[in-house]
Structure formats: C-alpha cells, structure tokens
K.L.:
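One structure, pasted below without further comment.
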Amino acid sequence: MKITIIGTGYVGLVTGACLAELGNNVFCLDVDQRKIDLLNSGGIPIHEPGLEEIVARNRAAGRIKFSTDVAASVEHGEIQFIAVGTPPDEDGSADLQYVVAAARNIGRYMNGFKVIVDKSTVPVGTADRVRAAVLEELKARNADVKFSVVSNPEFLKEGAAVEDFMRPDRIVIGCDDTPEGQQAHALMKNLYLPFNRNHERTFWMDVRSAEFTKYAANAMLATRISFMNELANLADKVGADIEAVRHGIGSDPRIGYSFLYAGCGYGGSCFPKDVQALERTARDFGQDLLILRAVEAVNNKQKHVLGTKIVERFGEDLKGKHFALWGLAFKPNTDDMREASSRVLLGELVRRGASVAVYDPVAMDEARRVLELDFADAAEALQRIRFCDSPMDALQGAEALAIVTEWKTFRSPDFDLLKQRLKAPIIFDGRNLFEPSVMAEAGIEYHGIGRSVLTTRA
Ligand SMILES: NC(=O)c1ccc[n+]([C@@H]2O[C@H](COP(=O)([O-])OP(=O)(O)OC[C@H]3O[C@@H](n4cnc5c(N)ncnc54)[C@H](O)[C@@H]3O)[C@@H](O)[C@H]2O)c1
C-alpha cells in the first residue's frame with residue numbers, strides 16, 4: 001500500500017520504517033530540512049534499538065523515502081498518517097497547531113480519496129477539527145474530494161519502539177459510520193492485516209473513544225507510578241521496604257507487577273503532557289479530574305526526591321562539593337531528555353553551588369543541547385557539569401553517586417572500584433537498582449527510594 005507519514009519523529013519514523021519493512025511503499029514528510037537531509041544521507045536522528053537497520057534496509061530497497069515536499073507527500077499516500085508533535089500549550093492543553101497545519105496541507109493538495117489518520121496523541125474531538133481544516137481548504141479551492149478522518153493512537157514505548165510497533169498488544173482504530181468511514185475501515189483493516197495473523201489485536205470503535213483510549217492508558221500508567229512513589233516516601237518514614245510491598249501487592253492478579261516501581265519520577269514526551277492535557281479537557285467540560293491532579297503534583301515533587309535526600313545528607317549549601325550522576329535520559333534505551341528527572345536534579349545541585357560529573361550511554365549530546373536551555377546562565381552552569389567517557393570516570397573524587405536512569409550497564413558495577421573512586425562510598429539510587437542489604441555488606445551508605453527498612457534483631 002502507498003502510505004504517507006507526516007512528521008518523522010519518534011512515532012512517525014518508527015511507523016514509517018515498520019510499515020515499509022512489511023512491504024508498503026512509504027513517504028515520510030517532515031518540515032525539518034536538517035532531519036530529512038540526515039535521513040537521506042543514511043543517518044538517523046534518534047536512538048532507538050533496531051531502527052537504523054530497518055531504515056537502511058528499506059531505503060536501499062526503495063520502500064521508504066524522506067522529503068520536505070508537501071505536494072508530493074499528499075499525492076503519494078491514500079492513507080495519510082499525521083504523526084506530528086502535540087506539545088503542551090501554556091494552559092496545559094495539547095497544542096494542535098502542527099496537527100491542524102498537517103491537515104490543511106492535505107486539504108490544499110489532495111485530488112483523490114484520502115484516509116487521514118490521527119496517530120499523534122490528540123484530545124477527544126480533534127478528528128472533528130482535522131475534518132473542518134481539510135474541508136476549509138477544499139472549499140477555498142472549490143474542490144469536492146472525499147476523505148475520512150480516523151483515529152489510530154500509538155502505544156509504542158521509546159526504547160522498545162520497533163518491537164512494540166511490530167508486536168503490538170493492541171491496535172486501536174476509531175472510524176465513523178459514514179460510507180467514507182467504511183472505506184477507511186476496509187483500508188485500515190488491510191494495512192494492519194500482517195499484525196493480526198496470530199490473533200486479532202484490533203479494537204474497532206468510534207473515533208472519540210479511540211482518542212480517549214490513548215489518554216486513559218497513559219493516565220492509568222502515570223497513576224500507578226505516582227501511587228507507588230507516594231507510598232515509597234511513606235515507606236521511608238515508617239521503615240518499610242517498598243520493593244517487598246511491590247511484590248506483595250503485584251502478586252494479586254487484579255493488580256499485577258508492571259508499572260509499580262518507585263523512583264525519582266516519570267518524564268518523557270508523553271506522560272507529563274498527556275496527564276495535563278486530559279485534565280485540561282476535563283476542565284473544558286466542567287469536570288475536575290482530582291486523581292490526575294494529584295498524580296501530576298506527586299510526580300513534580302518526586303523529581304526533587306534525590307535532591308532533597310542529598311541536601312538532608314550534605315546540607316543546603318553545596319558550594320565546592322562535587323557529585324557523580326549516572327543516567328541522563330528520561331528512561332533507558334533512548335536519548336530522549338524531555339522532562340527527564342536528571343534535569344531537575346542537575347538544576348538543584350548546580351544552583352546550590354555543586355559541580356557534577358555525568359555519564360549516560362547515549363543521551364550525552366542531547367543532554368548538552370537541552371541543558372543549555374535549562375539554566376539562565378548556561379555558560380556558567382555548564383562549566384560545572386563535566387561530561388564523562390565512562391561511568392567509572394564520573395566517580396573520581398565525588399562526594400556521592402546519584403543514579404537517575406536504570407540503564408542495564410549500571411546494574412552490576414564493580415563496587416570495589418566504585419568505592420576507590422568515590423570520596424566516600426555513598427549512593428543515592430533514584431531507580432532502586434541495588435539491594436540495601438548487599439550495599440550494607442559492601443560497606444556502602446545507600447539511599448534508595450522507599451527502602452529504609454528497619455530490622456529489629458532479637
Ligand atoms: N514519543 C513517544 O514515545 C510517543 C508514543 C506514543 C504517542 N506519541 C505521540 O505521537 C506524537 C508525535 O510524537 P513524537 O515523539 O514522535 O514527536 P517528535 O517531536 O519526535 O516528532 C514530530 C515531528 O513532526 C514534525 N512536524 C511538525 N509539524 C509538521 C508538519 N506540519 N508537517 C510535517 N512534519 C511536521 C517535526 O519536525 C518533528 O520531526 C505526539 O502526539 C506524541 O504524544 C509519542
């Protein structure tokens with residue numbers, strides 16, 4: 001099938017590459033000329049396991065191309081996926097300017113039937129806005145061309161995006177019941193056929209329910225994280241181990257183990273903005289989502305948990321103190337730094353006068369770029385952040401090590417070497433990578449999240 005993907009970011013590039021891998025003929029459009037040039041020269045703008053090989057293979061086979069040519073992109077695909085960003089607006093609502101711009105472009109150039117698929121995460125009712133924008137453009141040029149707007153939200157996880165796209169738990173598609181909607185249904189069914197060979201994974205529904213499903217999923221996952229983080233902070237106070245509690249509750253099949261890890265807060269391009277956007281949608285309809293307001297507030301506070309623990313241990317004034325930081329990306333296997341907890345901790349340490357040696361396996365360049373934006377006096381602040389070549393390099397002479405991202409490579413360090421390098425053997429572990437009892441045996445002062453278990457010996 002001939003497919004156009006509008007927006008060649010995390011979701012667009014993965015969707016385009018995976019659909020090409022299945023034999024489709026894919027046209028990837030982006031407004032960012034540099035991104036398109038990079039892709040056309042064989043480069044890849046994001047770190048995502050397996051993606052580079054798929055893009056290279058399909059580019060060589062002529063099944064995927066990258067361009068900024070809007071007219072050609074509209075001409076190419078009978079199915080037009082909109083996968084542009086939907087960042088938060090100042091009031092927390094999803095900023096739909098890129099989605100609407102993409103829709104207008106389609107309306108401006110389309111000459112035959114199109115299925116316009118909202119793959120971006122968009123608030124309930126966005127399909128109507130997309131439809132209106134396309135109709136306006138058609139009217140402006142006196143054209144009468146049929147189309148249908150479909151919702152097909154994306155559930156892939158950064159860091160496992162290719163795997164998630166290729167082996168989805170579910171595919172959610174919302175179509176309307178007009179004749180065009182039925183035509184769209186048939187085309188979408190065909191497109192996703194290869195994903196449903198083993199068993200049917202597609203949930204067909206109305207457009208608004210499909211739009212809502214994406215927000216409900218992210219809101220639920222964010223809720224589980226904030227719930228555990230709040231309990232972890234209490235566990236620290238009462239002397240219980242949140243990991244033991246997680247096992248104790250996760251074994252209940254009604255609860256399950258996933259997404260119950262306590263830590264130093266969730267980040268990324270989705271949970272923070274989607275929780276906010278859903279709250280905002282509710283407010284527009286006169287409803288206050290009390291649970292989600294708390295989820296957001298707990299998370300914002302939780303991003304300060306390591307900074308607070310460090311201040312409790314070393315005092316308010318950190319001038320002249322030097323720390324090591326492992327992990328910058330908001331989660332492992334990605335270089336995405338959007339809303340990353342590391343930015344909050346770095347901000348806190350540097351503003352209090354400390355210097356920090358940092359290491360991340362893939363997010364160092366992206367970190368350099370975003371940290372420039374985080375500080376009013378970036379030049380001065382960045383002088384106190386040293387980017388290191390290895391985790392062990394970062395430890396040299398530091399008062400303590402803080403861990404923010406649970407990269408696999410941090411899980412079994414050489415603790416003897418770690419103790420030699422650090423000024424004192426102290427770890428602030430924002431992802432609970434280590435066992436407190438093992439740390440105690442190794443002679444390491446260990447500060448996890450919700451792991452200050454009190455043991456009473458007879
Ligand atoms: N990143 C994720 O893990 C993830 C997962 C599921 C859903 N989503 C949702 O998917 C959407 C895209 O997210 P992302 O992380 O891929 O964003 P991104 O910022 O990585 O990519 C968006 C791309 O769209 C391009 N763009 C903007 N306007 C355009 C236009 N008019 N025409 C063509 N290209 C245009 C930008 O230049 C950019 O390259 C968002 O709504 C997001 O919430 C993201």
Side-chain angles (χ1 to χ4, degrees), residues 4-18 27-39 44-48 51 66-74 76-77 80-89 93-109 116-123 126 130 133 137 151-165 168-172 210-211 213-215 217-219 221-222 266-278 329-331 333-340 366 370:
T4 291
I5 313 277
I6 305 161
T8 313
Y10 279 91
V11 168
L13 184 55
V14 171
T15 303
C18 292
F27 188 121
C28 288
L29 174 80
D30 206 287
V31 286
D32 184 341
Q33 185 71 53
R34 275 185 316 173
K35 202 174 261 190
I36 294 300
D37 290 345
L38 178 67
L39 284 158
I44 194 126
I46 52 169
H47 174 86
E48 197 55 55
L51 184 60
F66 304 99
S67 169
T68 55
D69 185 340
V70 174
S73 80
V74 178
H76 180 87
Q80 302 264 322
F81 278 96
I82 299 181
V84 299
T86 47
D89 221 336
S93 62
D95 180 351
L96 293 177
Q97 63 167 308
Y98 307 107
V99 171
V100 172
R104 285 199 179 283
N105 282 339
I106 298 171
R108 207 163 290 148
Y109 293 104
I116 302 170
V117 185
D118 285 337
K119 191 160 248 329
S120 299
T121 303
V122 290
T126 300
V130 166
E137 291 298 329
S151 169
N152 170 216
E154 182 50 57
F155 296 96
L156 62 77
K157 299 184 286 295
E158 280 179 31
V162 170
E163 175 69 18
D164 284 350
F165 194 93
D169 304 320
R170 79 294 212 190
I171 299 160
V172 169
E211 291 171 335
T213 300
K214 173 65 192 177
Y215 281 99
N218 277 357
L221 295 172
Y266 61 74
S269 67
C270 294
F271 288 2
K273 82 168 172 58
D274 292 350
V275 166
Q276 265 183 39
L278 185 54
F330 87 91
K331 69 171 182 178
N333 299 322
T334 179
D335 60 351
D336 199 336
M337 290 285 297
R338 289 179 278 188
E339 307 273 343
E366 185 59 7
V370 300

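Source: prediction; values computed, not measured. Whatever order the structure lists ligands and atoms in, that order sets their numbers, starting from 1. These values consider heavy atoms only, across backbone and side chains, with no hydrogens, waters or symmetry-generated copies.
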K.L.:
Listed by chain and number, what are the side-chain hydrogen bond (donor to acceptor under 3.5 Å, both in side chains) partners of Lys214, not counting sequence neighbours?
P.N.:
none
K.L.:
Below 3.5 Å only, please: the N or O atoms of ligand 1 paired with protein N or O atoms, distance on each line.
P.N.:
{"from": "ligand 1", "atom 1": "1 (N)", "to": "Glu158", "atom 2": "OE2", "distance (Å)": "2.7"}
{"from": "ligand 1", "atom 1": "1 (N)", "to": "Ser269", "atom 2": "OG", "distance (Å)": "3.4"}
{"from": "ligand 1", "atom 1": "3 (O)", "to": "Glu158", "atom 2": "OE2", "distance (Å)": "3.3"}
{"from": "ligand 1", "atom 1": "15 (O)", "to": "Arg338", "atom 2": "NH2", "distance (Å)": "3.2"}
{"from": "ligand 1", "atom 1": "16 (O)", "to": "Tyr10", "atom 2": "N", "distance (Å)": "3.0"}
{"from": "ligand 1", "atom 1": "16 (O)", "to": "Val11", "atom 2": "N", "distance (Å)": "2.8"}
{"from": "ligand 1", "atom 1": "20 (O)", "to": "Tyr10", "atom 2": "N", "distance (Å)": "3.2"}
{"from": "ligand 1", "atom 1": "37 (O)", "to": "Asp30", "atom 2": "OD1", "distance (Å)": "2.6"}
{"from": "ligand 1", "atom 1": "39 (O)", "to": "Asp30", "atom 2": "OD1", "distance (Å)": "3.4"}
{"from": "ligand 1", "atom 1": "39 (O)", "to": "Asp30", "atom 2": "OD2", "distance (Å)": "2.6"}
{"from": "ligand 1", "atom 1": "39 (O)", "to": "Lys35", "atom 2": "NZ", "distance (Å)": "2.6"}
{"from": "ligand 1", "atom 1": "41 (O)", "to": "Thr86", "atom 2": "OG1", "distance (Å)": "2.5"}
{"from": "ligand 1", "atom 1": "41 (O)", "to": "Thr121", "atom 2": "N", "distance (Å)": "2.9"}
{"from": "ligand 1", "atom 1": "43 (O)", "to": "Thr121", "atom 2": "OG1", "distance (Å)": "3.4"}
{"from": "ligand 1", "atom 1": "43 (O)", "to": "Lys273", "atom 2": "NZ", "distance (Å)": "2.6"}

K.L.:
Starting at CD1 of Ile171, measure out to CZ of Phe165 and round the result to the nearest 0.5 Å.
P.N.:
8.0 Å
K.L.:
Quick one: list whatever passes side-chain hydrogen bond (donor to acceptor under 3.5 Å, both in side chains) with Glu211, sequence neighbours left out.
P.N.:
none
K.L.:
Tell me which one of Asp164, Asn218, Thr213 satisfies side chain to side chain contact (heavy atoms under 4.5 Å, CB included) with Phe155.
P.N.:
Thr213
K.L.:
Measuring only between side-chain heavy atoms, which start at C-beta, is Val11 closer than 4.5 Å to Phe81?
P.N.:
no
K.L.:
Only counting residues at least two apart or in another chain, list the ones meeting salt bridge (Lys or Arg N to Asp or Glu O under 4.0 Å) with Arg338.
P.N.:
Glu158, Asp336
